[in-house]
Amino acid sequence: MADDAALTARLVDEPSLRAWIGDRLPGDGPFAVRRVSTGQSNENFALERDGQRWLLRRPPRVTNVAGAHDMEREHRIASALAGSDVPHARPLLLCADVDVIGTPFAVLDWIDGLRLYDGLPAGFDGPEPRRRIAEELFDALAALHAVDWKAAGLDGLGRPDTFTARQVGRWMKQYRSYQVRDIPALDEAARLLERDVPAMQRAALIHGDYGLHNVMYAPDLPVRLAAVVDWETATIGDPLIDLGYLLGLWLEGDEPDRWFATALPYDVAGFPGRAELAARYAERTGLDLSDLRWYRSVAQLKVACILEGGWARYRAGHTDNPALARFETVVPNHAEYALAIITGDA
């Protein structure tokens, strides 16, 4: 706990933060600042005063990709969701002044919820709750893709006209920038994917990293998705990129034995299958899913390219994080899955 308090003190200048917030938030008692999550993504802290709680988000200590972790951009996207059917934490404050805590930060409503990434608590593991977990997840994605992003003030957020065509080249360029080994399945999947790029049907606000790991469910039954979180990779692009990513991580039956690198859902028993969930999404969006195999394959290629950066750092001795040692086999497995999907073998 002492180490955590010391890290919080380094990441958040508490006296300066308290002075800046002042009466911008309700209450007049002393503030408590508590770190609630960390990692390569944004750092999250609970702010507590007079029995009320809010969430503070700031960039991580080390940023690996230029332009990532943009607080103003994330605040803009969260603000644009106001009045939509997308459950999300309401943005409250944005501070672009780096002199306050050392970096820009945002404050949002606190969401009481559960992340179901690692397991299901009591009451959530029956057949009906599992079905509702999946349906709520896919319905929220359909709601996101229905947002009128131009009316919400998000014009200019991305480059939707060439979004789909850029995907394979973008991720392979990133992979080449730190390549330390040959992965033949990745090269072949990229070749096949670039040969037959589907036309984007329409542009939408997309999340970019949508799955069970980035949503929160209400802590009580019946099952209800309380918030979609972590909007740092959101942009205007092809909505089927989000769907392909979600379905690309959605294993069925005995698939985990072959595609061990793919972790969502962690336990497929009792969840609806990919075909049923894709049909539910299509009904709600009106999108044609005949090219869905391409989008599922691109998702696996993207994950392989991103994770290979972790393996390159681990192999070079730039990190001693033991979790990255797994990427020696995890990355090729994702690449092989990408190839199997696009060739019809998965």
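We count residues from 1, following the sequence as given.
- Under the 3.5 Å distance criterion, with hydrogens and angles disregarded, no donor-acceptor pair is assigned to the side chains of Gln201 and Asp288.
- Residues Arg258 and Glu255 form no side-chain contact, since every pair of their non-hydrogen atoms from C-beta on lies 4.5 Å or further apart.
- Annotation: the span from Asp125 atom CG to Arg130 atom CZ amounts to 6.0 Å, rounded to 0.5 Å.
- For the residue pair Asp238/Tyr295, the side-chain donor-acceptor check at 3.5 Å is satisfied.
- Phe163 and Val147 fall within a single hydrophobic cluster, where Ile, Leu, Val, Met, Phe, Trp and Tyr are joined by side-chain heavy atoms under 4.5 Å apart, directly or via other members.
- Two rings, from Phe138 and Trp250, have their centers less than 6.0 Å apart.
- You'll find the side chain of Tyr281 stays beyond 4.5 Å of the side chain of Asp139, heavy atoms only.
- Atoms CG and CG, from Leu277 and Leu137 in turn, are 8.5 Å apart once rounded to the nearest 0.5 Å.
- With Arg176 as the partner, the side chain to side chain contact (heavy atoms under 4.5 Å, CB included) test is satisfied by one option alone out of Gln174, Gln179, Lys173: Gln179.
- Note on Leu144: it does not cluster hydrophobically with Met216, by side-chain heavy-atom contacts below 4.5 Å among ILVMFWY residues.
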Handout entry: Tyr337 and Arg296: CA distance, side-chain angles, deciding distance, side chain to side chain donor-acceptor pair (under 3.5 Å) verdict
Key = CA-CA 10 Å; Tyr337 192 22; Arg296 288 180 53 220; 3.3 Å; yes
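- In terms of modelled atom types and a separation under 3.5 Å, the side chain of Arg57 and the main chain of Leu108 share no donor-acceptor contact.
- Using a 4.0 Å cut-off between charged side-chain N and carboxylate O, Glu14 and Arg18 make a salt bridge.
- Using a 4.0 Å cut-off between a side-chain N of Lys or Arg and a carboxylate O of Asp or Glu, Glu48 and Arg34 qualify as a salt bridge.
- Under the 6.0 Å cut-off for aromatic ring centres, Trp311 and Tyr178 do not qualify, their centroids lying 6.0 Å or more apart.
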Handout entry: side chain to side chain donor-acceptor pair (under 3.5 Å) assessment of Asn214 paired with Tyr117
Key = CA-CA 9 Å; Asn214 273 332; Tyr117 178 80; over 6 Å; no
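- When hydrophobic clusters are built by joining Ile, Leu, Val, Met, Phe, Trp and Tyr residues whose side-chain heavy atoms come closer than 4.5 Å, directly or via intermediates, Val229 is not grouped with Val215.
- Met200 and Val168 fall into different hydrophobic clusters, where Ile, Leu, Val, Met, Phe, Trp and Tyr residues are linked whenever their side-chain heavy atoms come under 4.5 Å apart, directly or through other members.
- Side-chain contact annotation: Thr233 with Asp209, donor-acceptor N/O pair under 3.5 Å absent.
- Using a 4.5 Å cut-off between side-chain heavy atoms of Ile, Leu, Val, Met, Phe, Trp and Tyr, with links allowed through other members, Leu25 and Ile111 fall into different hydrophobic clusters.
- With rounding to the nearest 0.5 Å, the separation of CG in Leu212 from CG in Leu246 is 7.5 Å.
- Taking Tyr210 as the reference, His207 meet the ring-ring contact (aromatic ring centres under 6.0 Å, His included) condition, with sequence neighbours excluded.
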Practice task
Show your working on salt bridge (charged side-chain N to carboxylate O under 4.0 Å, His left out) between Glu308 and Arg181 and close with a plain yes or no.
Solution key: CA-CA 9 Å; Glu308 184 67 357; Arg181 57 178 168 171; 2.8 Å; yes
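- Exactly one of Val12, Ile21, Leu55 qualifies for a side chain to side chain contact (heavy atoms under 4.5 Å, CB included) with Leu47. That residue is Ile21.
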Problem - Criterion side chain to side chain donor-acceptor pair (under 3.5 Å) on Asp345 and Thr343, from CA distance to verdict - result: CA-CA 6 Å; Asp345 190 36; Thr343 58; 5.6 Å; no
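- Salt-bridge formation is detected for the pair Arg131/Glu135: a Lys NZ or Arg NE/NH1/NH2 atom is positioned less than 4.0 Å from an Asp or Glu carboxylate oxygen.
- In this structure, the side chain of Tyr217 does not engage the main chain of Leu116 through any donor-acceptor pair within 3.5 Å.
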